[in-house]
A.B. asks: 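Got a structure here, written out as structure tokens. Questions coming.
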Amino acid sequence: MEHAPIVVHRVSPSGGRRVSLRAGGRETVLGVAHSDPDVIEFLRRAEVPDPDEVVLGGAPPLIEWQGDAPHAYEAEPADTDVP
């Protein structure tokens, strides 16, 4: 099975998601996104056609959202029951 060319990795503990582009057998990190507009800007700079459509829907699924819900960028707070 072929993987999506754009990968939005799981949310880091401090928030934000690494965004990478797979091409020519290589994976290039485009940056760390804290919002959909960040992902769109990274894709625009990488010259991906119609980056808004790629991120926000309508286009064939070109993004693989790993580990967390799509469009989520904040780390879940630790479950601490401190009296």
Side-chain angles (χ1 to χ4, degrees):
M1 178 173 156
E2 183 139 345
H3 296 286
I6 301 159
V7 181
V8 180
H9 299 268
R10 70 178 53 253
V11 177
S12 76
S14 60
R17 298 175 86 152
R18 189 167 39 100
V19 179
S20 59
L21 180 65
R22 295 175 178 150
R26 294 180 28 172
E27 190 166 314
T28 303
V29 175
L30 301 178
V32 176
H34 293 274
S35 65
D36 284 345
D38 289 347
V39 178
I40 292 166
E41 179 60 16
F42 296 152
L43 299 182
R44 185 191 67 75
R45 290 179 186 180
E47 300 180 356
V48 172
D50 300 318
D52 294 68
E53 191 70 17
V54 170
V55 174
L56 301 176
L62 298 176
I63 295 182
E64 178 183 338
W65 297 87
Q66 292 184 341
D68 296 286
H71 313 287
Y73 297 90
E74 297 299 318
E76 291 292 322
D79 187 19
T80 57
D81 292 330
V82 178

A.B. asks: Between Leu56 and Ile40, is there a side-chain heavy-atom distance shorter than 4.5 Å?
C.D. replies: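 When only atoms from C-beta onward are counted, Leu56 and Ile40 do touch, with a gap below 4.5 Å.
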A.B. asks: Residues in side-chain hydrogen bond (donor to acceptor under 3.5 Å, both in side chains) with Asp68, at least two apart?
C.D. replies: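 With neighbours one apart ignored, the set is empty.
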A.B. asks: Pair up each side-chain donor or acceptor in residues 23-35 with any protein partner under 3.5 Å, not counting sequence neighbours, and list the distances.
C.D. replies:
from  : atom 1 : to    : atom 2 : distance (Å)
Glu27 : OE1    : Arg22 : NE     : 3.3
Glu27 : OE2    : His9  : NE2    : 3.4
Glu27 : OE2    : Ser20 : OG     : 2.8
Ser35 : OG     : Asp38 : N      : 3.4

A.B. asks: Might you point out which heavy atoms bring Ser12 and Ala75 nearest each other, and give the distance in Å?
C.D. replies: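 Scanning both residues completely, I find the closest heavy atoms to be O-CB, 3.4 Å.
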A.B. asks: Check side-chain contact (heavy atoms from CB on, under 4.5 Å) between Ala72 and all other residues, then give those that pass, not counting sequence neighbours.
C.D. replies: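 side-chain contact (heavy atoms from CB on, under 4.5 Å) list for Ala72, sorted by chain: Arg17, Ala69.
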A.B. asks: State the CD-CG distance between Glu41 and Asp52, to the nearest 0.5 angstrom.
C.D. replies: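 With rounding to 0.5 Å, CD (Glu41) is 10.0 Å from CG (Asp52).
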A.B. asks: For Arg18, give me all partners under salt bridge (Lys or Arg N to Asp or Glu O under 4.0 Å), at least two apart in sequence or on another chain.
C.D. replies: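 Salt bridge (Lys or Arg N to Asp or Glu O under 4.0 Å) list for Arg18, sorted by chain: empty.
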A.B. asks: Which pair of non-hydrogen atoms, one from Ala4 and one from Pro61, has the smallest distance, and what is that distance?
C.D. replies: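 Closest approach of Ala4 to Pro61: CB-O, 4.5 Å.
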A.B. asks: Identify whether Trp65 and Val11 are in the same connected component of the hydrophobic contact network (ILVMFWY, side-chain heavy atoms under 4.5 Å).
C.D. replies: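 Cluster IDs for Trp65 and Val11 differ.
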A.B. asks: Do Ile6 and Phe42 come close enough that some side-chain heavy atom pair is under 4.5 Å?
C.D. replies: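 They are not in side-chain contact.
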A.B. asks: Say you draw a straight line from CD1 of Ile63 to CG of Leu43; how long is it, rounded to the nearest 0.5 Å?
C.D. replies: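 Reported value, rounded in 0.5 Å steps: 6.0 Å.
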